[in-house]
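Each remark here refers to the structure printed beneath this line.
Bear in mind that the values here come from a model prediction, so they are computed numbers and not experimental data. Chain identifiers are assigned alphabetically (A, B, ...) following the order of the sequence lines, protein sequences preceding nucleic acid strands; residue numbering begins at 1 within each chain.
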Amino acid sequence: MRLRPPSTSNGSRRGDVPCSPGWVGSLQVTEGRVVNYRRVSPTEEGVSLTTPTSNTSDPPLSPPPSLGAHLGAWVSVGLQSFGGGSSTFTLIERTFVYQRGWLTEEELARYWALCQLAPGINLIALAILIGHRLGGTAGVVVALAGMLVPSIAVTILMTAFYARARQSPWVQAALRGIIPATVGIGLLTAFRMAVPLLRIGQRSGMGMSILSVLVLVASGAAVLLGTPVIGTLIAAGVVAAAVSWVRRSSSQAEEPAT
Amino acid sequence: MNPLVLLWLMLKASLFSTSGMGNLPSLNADLLVRGWATEAQFVESLAVGQLSPGPTGLWVISLGYLVDGLRGSLLATIAILLPPFLVVAVERLYRQVKNHPAVEGFVWGMGLAVSGVFAVALMGIWRHAGFSLWTICIVAASFVLGTIRRMPVIAILALAAVVGILSS
């Protein structure tokens, strides 16, 4: 199966970016510049992020930062990043690409696409890649510490405060609103994760369209009936992998490569 | 509560997720079965994760604190720090296999399953809060407000808190 046909137009080529699974992101590169960065992947917040970069010529990169400057940049990102996923990504882009000039747009876009595939929190993976690129192993430590230590401290303090104030009637009353609101925001996240993936199925024909809905519903139902979550996720991946592979090979057998 | 088991459960959940809240369904199932956490603690820690700075995925640290104090939050920190390091391996591997249909298919299928399973876990939390007209209205309102791009999540939660206080 071809999840997304590489729609190359004249004069543009697909950059050497890890963009082929449609939901990871799509980058078109012309003459070494990113002309079209379309992000279709789910993020924690799911806000789609379009970075118009067509008219900017890449400024020359600044030399790699000292450890102190590197740490300072991450601390400023960590302290400002309320709201997770996309807003933090935008902050990182502004700080590292535009303000300090330590990375190119293209590098950052490539790293972010890779992070969608890595396990766990995408922003942590991004900090690891950028930290390593800018300062090797010490850079990784600096990036993670700078981004996470302030946030983790605030998270623990807020939880501790909440655990003490839980009994207060004010907190109870506020929770009557906050709890359903958290569910609503979570459902929106699930919805935003699913939509781009369902679209990929739709583009690949009727069969894949049905398969995508089936995988979505069946895995939800399986977990509801008590199947272990991780087993369900792996099974869904294996089924989709097998179907995609068979489809791709059979379509290649029918019509030679275009 | 065995801290090593807790660490393993959190690590496993984080290892098989590709976003900050993707570890929710697995943790939800594992911790509820053992009686180590309640639905209430899940939703409380999710709310803290939305309110606090940094990645939303830090909600697990809040959950760790609620179920096992400071030790729990430390274990949660370890559990979310380790799996993203695999991005280095992903970077190497991906150059070689990125166009293989099976790889594309696996990532696609697992992503779909994550969304389905995630929704089911949220329904469990919702059921705990009660399917009343009240909760349905707030869930729907925050869903709709969330689709407004300029609306920060923290503002939605603050609004919901005010509505909760005013209504009681």
Tell me which of these, [options], has more heavy-atom pairs under 4.5 Å with chain B than the rest.
options	result
A:Ile178, A:Leu198, A:Val140	A:Ile178
A:Pro169, A:Cys115, A:Pro180	A:Pro180
A:Ile128, A:Leu126, A:Val77	A:Ile128
A:Ala242, A:Ala174, A:Ala235	A:Ala174
A:Thr232, A:Leu129, A:Val171	A:Leu129

List the steps, then state whether side chain to side chain contact (heavy atoms under 4.5 Å, CB included) holds for B:Phe16 with A:Val229. CA-CA 9 Å; B:Phe16 287 93; A:Val229 173; over 6 Å; no

For [X] against [Y], the heavy-atom pair lying closest together:
X	Y	result
B:Gly105	A:Ser244	CA-OG, 3.3 Å
A:Ala241	B:Ala102	CB-O, 3.2 Å
A:Thr189	B:Phe118	CB-CE2, 4.2 Å
A:Gly184	B:Ser142	CA-OG, 3.6 Å
A:Arg192	B:Gly146	NH2-O, 3.4 Å
B:Ser115	A:Ala190	CB-O, 3.7 Å

Crowded around A:Arg199 CZ? As in, over 12 foreign heavy atoms under 6.0 Å? no

Verify the neighbour count for atom CZ of A:Phe161: are there more than 12 heavy atoms of other residues, nucleotides or ligands below 6.0 Å? no

Where does [X] contact chain B at under 4.5 Å (heavy atoms): side chain, backbone, both or neither?
X	answer
A:Leu157	neither
A:Leu187	both
A:Leu148	side chain
A:Val238	both
A:Ala160	both
A:Val213	neither

Hey, what do you get for [atom1] ([X]) to [atom2] ([Y]), rounding to the nearest 0.5 Å?
X	Y	atom1	atom2	answer
A:Thr182	B:Ile125	OG1	CD1	9.0 Å
A:Leu175	B:Ile165	CG	CD1	9.5 Å
B:Met110	A:Ser219	CE	OG	11.0 Å
B:Leu112	A:Leu233	CG	CG	11.0 Å
A:Ile156	B:Leu74	CD1	CG	8.0 Å
B:Glu91	A:Tyr111	CD	OH	6.5 Å

Any side-chain heavy-atom pair of [X] and [Y] under 4.5 Å:
X	Y	answer
A:Arg166	B:Leu66	yes
B:Trp108	A:Val243	no
B:Leu145	A:Ile185	no
B:Tyr65	A:Thr155	no
A:Val154	B:Leu58	no
B:Val88	A:His132	no
B:Ser167	A:Arg176	yes

Picking from [options], which has the most non-hydrogen pairs under 4.5 angstrom with chain A?
options	result
B:Ile61, B:Val33, B:Leu46, B:Asp30	B:Ile61
B:Gly109, B:Pro84, B:Gly164, B:Gly116	B:Pro84
B:Asn28, B:Val90, B:Ile136, B:Val87	B:Val87
B:Ser45, B:Ala129, B:Ala113	B:Ala113
B:Val114, B:Leu122, B:Thr135	B:Leu122
B:Thr147, B:Thr77, B:Val163	B:Thr147

Where on [X] is there a heavy atom nearer than 4.5 Å to chain A: the side chain, the backbone, both, or neither?
X	value
B:Trp134	side chain
B:Val120	side chain
B:Ala47	both

Using side-chain contact (heavy atoms from CB on, under 4.5 Å) as the criterion, point out the one residue from B:Ser26, B:Pro25, B:Ser17 that pairs with A:Ile230.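 Passing option: B:Ser26.
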
